[in-house]
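First the proteins, then the strands, lettered A, B, ... as listed; each starts at 1.
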Amino acid sequence: MNIVSKIESEQFKSDLKPFNVGDTVKVHTRVIEGDKERIQVYSGIVIGRKGTGINENFTVRRVSYGEGVERVFPIHSPRIAKIEVERKGAVRRAKLNYLRSRKGKSATTVKDQVVRG
Amino acid sequence: MSIGLLGKKIGMTRIYDDKGRVTPATVIEAGGNRILQVKATDKEGYSAVQVGYGDQKPQRVGKAMTGHFAKTSSTPKRFIREFRLADGAAAPESVDLPVTGFEVGQFVDVIGQSKGKGFQGTIKRHNFHGQPMTHGSTMHRRNGAIGNRSTPGRVWKNMGMPGHMGDERVTVQNLRVLQVRGEEGVIIVAGAIPGAKGTFVVVRPSKKKTVKK
């Protein structure tokens with residue numbers, strides 16, 4: 001095995017739950033203030049995933065007090081304690097950049113994924 | 001404490017530290033370093049250690065070098081460099097120089113041959129600004145004026161001009177060692193080092209920056 005991919009795979013998170021573009025997620029981030037550490041939760045819709053392996057990032061968009069906010073997280077960062085999937089979304093594209101130009105409810109929701117039984 | 005090692009640039013990646021900060025890092029393969037000759041002041045006139053790295057096929061080595069390798073019963077090496085020893089410093093006892101001679105957190109200098117860029121203009125080669133692309137300008141990426149008038153009546157030395165860029169010896173100083181992997185013979189340093197993947201490099205303890213203890 002290539003040594004670089006070995007170094008990278010050592011840093012992968014083993015407990016990573018799969019999630020996709022369109023899902024509504026809660027991202028638990030570790031925030032260090034002085035010498036105290038606490039968990040901050042950021043929730044929103046995953047509007048894109050980018051990169052592979054250790055370089056993979058995902059963007060979470062939410063509308064907070066009428067202002068659109070996007071945060072980009074590296075998937076394998078130790079500062080991310082947990083990624084919780086709240087709702088599965090049914091989307092047909094890899095990047096949901098069209099949400100940026102939307103207003104009101106259509107900007108904050110995507111269609112739920114119907115689980116076929 | 002290592003006198004320095006020879007190695008090969010493997011590639012770059014990113015390393016997360018214990019605080020979750022991400023550092024761009026270069027992986028250097030430096031296993032199998034071997035001392036080929038110890039040079040002494042009374043014999044060679046200066047004190048140094050000759051080190052070899054990277055196996056070479058025996059049929060590619062001439063008779064003179066074959067004899068040189070046989071003196072220390074070493075396999076033929078592709079990349080051979082010397083490390084000067086400080087006055088009175090003794091050479092390492094073991095002929096094998098493991099990567100574990102470097103410590104995590106110490107600073108190193110890395111010397112290598114940079115990527116060749118070919119014949120380049122002054123904008124890329126010397127960070128000149130160039131001229132306007134529009135507004136009637138017909139002079140875009142030229143080097144511009146190179147001197148004054150009859151005083152000094154000549155072009156100053158070291159005036160930036162187009163020419164060959166890259167493919168030269170480059171030293172990058174004060175790179176922090178992030179990891180030392182003894183089993184794989186690999187050291188990981190923070191930041192970039194010269195050259196393409198597969199370039200032979202010299203890794204030596206930093207000349208300027210040492211860890212405060």
Inset, instruction - Check whether any side-chain heavy atom of B:Ile15 sits under 4.5 Å from a side-chain heavy atom of A:Ile54, and report yes or no. - result: no
Inset, instruction - With a 4.5 angstrom heavy-atom cut-off, could you sort out which part of A:Ile7 is near chain B: side chain, backbone, both or neither? - result: both
Legend entry - side-chain contact (heavy atoms from CB on, under 4.5 Å) against B:Thr138, all qualifying residues, sequence neighbours excluded: none
Legend entry - Which portion of B:Val22 sits near chain A, non-hydrogen atoms under 4.5 angstrom: neither
Legend entry - B:Gly20 versus A:Pro78, closest heavy-atom pair with distance: CA-CG, 3.8 Å
Inset, instruction - Could you name each residue pair satisfying ring-ring contact (aromatic ring centres under 6.0 Å, His included) that touches residues 28-71 of chain B, not counting sequence neighbours? - result: B:Tyr53-B:Phe200
Inset, instruction - Return the option, out of B:Val186, B:Ile10, B:Val27, with the maximum number of heavy-atom pairs under 4.5 Å with chain A. - result: B:Val27
Are there any donor-acceptor pairs closer than 3.5 angstrom between chain B and chain A, and if so, which ones?
{"residue": "B:Thr13", "atom": "OG1", "partner": "A:Glu8", "partner atom": "OE2", "Å": "2.7"}
{"residue": "B:Arg14", "atom": "O", "partner": "A:Gln11", "partner atom": "NE2", "Å": "3.0"}
{"residue": "B:Arg14", "atom": "NH1", "partner": "A:Ile54", "partner atom": "O", "Å": "3.4"}
{"residue": "B:Tyr16", "atom": "N", "partner": "A:Gln11", "partner atom": "OE1", "Å": "2.8"}
{"residue": "B:Lys19", "atom": "O", "partner": "A:Arg79", "partner atom": "NE", "Å": "3.1"}
{"residue": "B:Lys19", "atom": "O", "partner": "A:Arg79", "partner atom": "NH2", "Å": "3.4"}
{"residue": "B:Arg181", "atom": "NH1", "partner": "A:Glu10", "partner atom": "OE2", "Å": "3.4"}
{"residue": "B:Arg181", "atom": "NH2", "partner": "A:Glu10", "partner atom": "OE1", "Å": "2.5"}
{"residue": "B:Arg181", "atom": "NH2", "partner": "A:Glu10", "partner atom": "OE2", "Å": "3.2"}
{"residue": "B:Glu184", "atom": "OE2", "partner": "A:Lys6", "partner atom": "NZ", "Å": "2.3"}

Legend entry - Sorted by number, residues from residues 54-62 of chain B in contact with chain A (heavy atoms, under 4.5 Å): none
